[in-house]
K.L.:
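Pasting in a structure now, in structure tokens, and then I'll have a few things to ask.
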Amino acid sequence: MPHGKGRAIPKVSRLGTRFFAHPPGQPTTGAKESDLHLSIKAQSLIGARAAGWDALPEQSGTTPDGHDWRADVLCRRPGKAWTVAVEAQVQLQGEEAYRQRQERYAASGIRALWLVAHEPAALHRYWREPDPYLPAFKTTVGKDRHGRPEAQVQIDGLSLAIPEFVSGALSGQLHWSGNGRHGIIMLVLHKDQCWHRTCRKTVLLAYRAETLRRMPLGLEAAQAMTGYGDAYARARAVLPDLADNPWPLRNALASRCPHCRREIRYHSHDWAGQDVVEVPIGVDAGEQGRRLGVTPHAQWHWGPESRWTRWAPLGGIGLISHRRLAMRPRRLGPGTG
């Protein structure tokens, strides 16, 4: 076996998990593996082979400067060099250790995918600011209807079974998006009705803009960003009830009904407890955006761009979604009891 230290025998654990083991009498390295770790490795092998790749478990190697590494699953295109490792990380591990192990793989010409099945807080900084040099993915753990370990990878709002994720990643479904300037803001729309008695049609009113972390932005500041105007025009083409791009009017906002063209005035506060429409808009973050808290978009995505969540091309819009605003708790007065 390439990079291996002996022969592997297929077995089945007491919970029904398929895995590979060393022959009797052959020494093994490391502590006894958990059923979860064995299950994720076995499912990764299934996914890699479904993609048409060769895949072997527990393969070892050494970097050019003499550092050892050991991959849970090592993959290659048939007849090619071994180039992709899949790591099922069940034991708690900090970001520094992840990056050190990733550097060893990179030094050996291998790309690694990390399935993070331990407490995600250990990588809290990475989840906030991911990068293309460490492809790590939250992996939730549960049990199937037979009580056996079951894990799913979380990406782009999807929960993917391990074989589906590994097969898709090796088949070009996994993408990195981020160029250092392209940012995403969310335009929040409120559903209302035209006030004029001869119209009374449904309208969508833009009343708020916010970052992907739901931090509020000034609507005027968002409108001044490069890409916003083109994106709003595209949103109107998709949403026929969307009113004109609003403008400030005293302490409120004003727009025009898309049906009768009469002016509509409205407040810019939240409508607690009601549904709003969220439209991702792609803008040039630049220095102005950074000052407002709009950071350049940097994230792993799955599948074609048209299906990426909370993303939009520069000057365009992304997948439109709906959200119910939380109710604000009532503040009781001193005489209320």
Side-chain angles (χ1 to χ4, degrees), residues 3-5 13 15 17 19-22 28-48 55-75 82-143 148-156 158-163 165-166 169-170 174 176 178 298-300 302:
H3 306 291
K5 295 183 177 179
S13 76
L15 292 180
T17 301
F19 66 101
F20 292 84
H22 293 280
T28 61
T29 57
K32 182 180 179 181
E33 294 180 89
S34 68
D35 284 324
L36 174 61
H37 191 231
L38 291 169
S39 174
I40 295 177
K41 286 201 303 183
Q43 295 299 305
S44 297
L45 283 166
I46 292 171
L56 293 171
E58 296 300 329
Q59 300 299 295
S60 302
T62 306
T63 65
D65 56 357
H67 290 100
D68 294 334
W69 52 261
R70 187 177 183 84
D72 286 334
V73 175
L74 195 60
C75 311
W82 298 88
T83 55
V84 177
V86 180
E87 285 288 346
Q89 192 59 40
V90 175
Q91 296 295 323
L92 195 65
Q93 179 173 269
E95 184 174 338
E96 184 179 353
Y98 273 101
R99 294 195 181 278
Q100 183 182 65
R101 294 175 65 186
Q102 187 77 353
E103 287 171 3
R104 292 185 180 183
Y105 281 128
S108 298
I110 291 172
R111 296 169 293 164
L113 293 173
W114 296 88
L115 308 183
V116 183
H118 60 66
E119 171 55 51
L123 284 177
H124 67 95
R125 184 173 60 182
Y126 176 83
W127 303 132
R128 288 177 63 88
E129 297 180 6
D131 62 64
Y133 309 108
L134 181 63
F137 306 92
K138 290 181 182 179
T139 304
T140 56
V141 177
K143 292 189 176 181
R148 293 176 299 204
E150 184 177 55
Q152 292 188 315
V153 179
Q154 308 301 312
I155 181 170
D156 248 349
L158 303 171
S159 293
L160 304 178
I162 301 295
F165 175 78
V166 173
L170 296 177
L174 183 63
W176 170 259
Q299 190 57 266
W300 291 98
W302 190 259

K.L.:
Side chains of Ser159 and Gln154: closer than 4.5 Å at any heavy-atom pair?
P.N.:
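When only atoms from C-beta onward are counted, Gln154 and Ser159 do touch, with a gap below 4.5 Å.
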K.L.:
Any chance you could lay out the side-chain contact (heavy atoms from CB on, under 4.5 Å) test for Thr139 and Val153, step after step, and finish with the verdict?
P.N.:
CA-CA 4 Å; Thr139 304; Val153 179; 4.0 Å; yes
K.L.:
Closest approach of Ala55 and Val73, non-hydrogen atoms and distance?
P.N.:
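Looking at all heavy atoms of both residues, the shortest contact is CB-CG1, 4.1 Å.
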K.L.:
Are Glu103 and Thr63 packed together at the side-chain level, in the sense that at least one heavy-atom pair is separated by less than 4.5 angstrom?
P.N.:
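No, too far: nothing below the 4.5 Å cut-off.
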K.L.:
For residues 88-101, which residue pairs qualify under salt bridge (charged side-chain N to carboxylate O under 4.0 Å, His left out), counting only residues two or more places apart or in two chains?
P.N.:
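As it turns out, the salt bridge (charged side-chain N to carboxylate O under 4.0 Å, His left out) pairs with a partner in residues 88-101, which skip direct neighbours, are Glu87-Arg101, Glu95-Arg99, Glu95-Arg125, Arg99-Asp131.
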K.L.:
Counting C-beta onward and ignoring hydrogens, is there a side-chain heavy-atom pair between Asp68 and Thr62 closer than 4.5 Å?
P.N.:
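The answer is yes, as the side chains (C-beta and beyond) meet within the 4.5 Å cut-off.
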K.L.:
Using 30° and 60° as the class boundaries, would you call the ring planes of Tyr105 and Trp69 parallel, tilted or perpendicular?
P.N.:
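Ring orientation of Tyr105 relative to Trp69: tilted.
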K.L.:
So Val86 and Ile40, side-chain contact (heavy atoms from CB on, under 4.5 Å) or not? Walk me through it.
P.N.:
CA-CA 10 Å; Val86 180; Ile40 295 177; over 6 Å; no
K.L.:
Quick one: pull up CD in Gln91 and CD in Glu119 and give me the separation to the nearest 0.5 Å.
P.N.:
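Reported value, rounded in 0.5 Å steps: 13.5 Å.
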K.L.:
For a quick test of reading the model, state the closest non-hydrogen atom pair linking Leu56 to Trp82 and the distance between them.
P.N.:
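Distance-wise, the nearest heavy atoms are CD1-CH2, 3.6 Å.
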K.L.:
Specify the closest pair of heavy atoms between Trp176 and Pro130, including all atoms of both residues, with the distance to one decimal.
P.N.:
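Distance-wise, the nearest heavy atoms are CH2-O, 3.4 Å.
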K.L.:
Within this structure, what is the CG-NZ distance for the pair Leu36 and Lys143, rounded to the nearest 0.5 Å?
P.N.:
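Output value for this atom pair is 10.0 Å.
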K.L.:
What verdict does the side-chain contact (heavy atoms from CB on, under 4.5 Å) test give for Glu150 and Arg148, after you've listed the backbone C-alpha separation in whole Å, the side-chain angles of each residue and the deciding distance to 0.1 Å?
P.N.:
CA-CA 6 Å; Glu150 184 177 55; Arg148 293 176 299 204; over 6 Å; no
K.L.:
Which residues pass the side-chain contact (heavy atoms from CB on, under 4.5 Å) test with Ala106, sequence neighbours left out?
P.N.:
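So Ala106 forms no side-chain contact (heavy atoms from CB on, under 4.5 Å) with any residue.
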K.L.:
Side-chain contact test, heavy atoms from C-beta onward, threshold under 4.5 Å: evaluate it for Leu174 versus Ile155 and give yes or no.
P.N.:
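A side-chain contact under 4.5 Å exists here.
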K.L.:
Can you see which heavy atom on Cys75 is nearest to which on Leu170, and at what distance?
P.N.:
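Heavy atoms only, the tightest pair is SG-CD1, 4.3 Å.
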K.L.:
State, to 0.1 Å, how close Leu123 and Gly94 come at their nearest heavy-atom pair, and which atoms those are.
P.N.:
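For Leu123 and Gly94, the tightest heavy-atom pair comes out as CD2-C, 4.4 Å.
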K.L.:
So, for Ile162 and Ala151, which heavy atoms are closest and what is the spacing to 0.1 Å?
P.N.:
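For Ile162 and Ala151, the tightest heavy-atom pair comes out as CG1-O, 3.5 Å.
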K.L.:
Let's go through Glu58 and Lys41 carefully: what are the C-alpha distance in whole Å and the side-chain angles of both, what is the deciding distance for side-chain contact (heavy atoms from CB on, under 4.5 Å) to 0.1 Å, and is it a yes or a no?
P.N.:
CA-CA 9 Å; Glu58 296 300 329; Lys41 286 201 303 183; 2.4 Å; yes
K.L.:
With Phe137 as reference, evaluate Val116, Leu113, Leu160 under the side chain to side chain contact (heavy atoms under 4.5 Å, CB included) test and give the passing residue.
P.N.:
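The residue from Val116, Leu113, Leu160 that satisfies side chain to side chain contact (heavy atoms under 4.5 Å, CB included) with Phe137 turns out to be Leu113.
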K.L.:
I'd like to know if the side chain of Trp127 and the backbone of Pro120 have a donor-acceptor N/O pair within less than 3.5 Å.
P.N.:
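Checked: pair present.
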K.L.:
Run through Gln102, Gln93, Gln89 and flag the one making a side-chain hydrogen bond (donor to acceptor under 3.5 Å, both in side chains) with Trp114.
P.N.:
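Passing option: Gln102.
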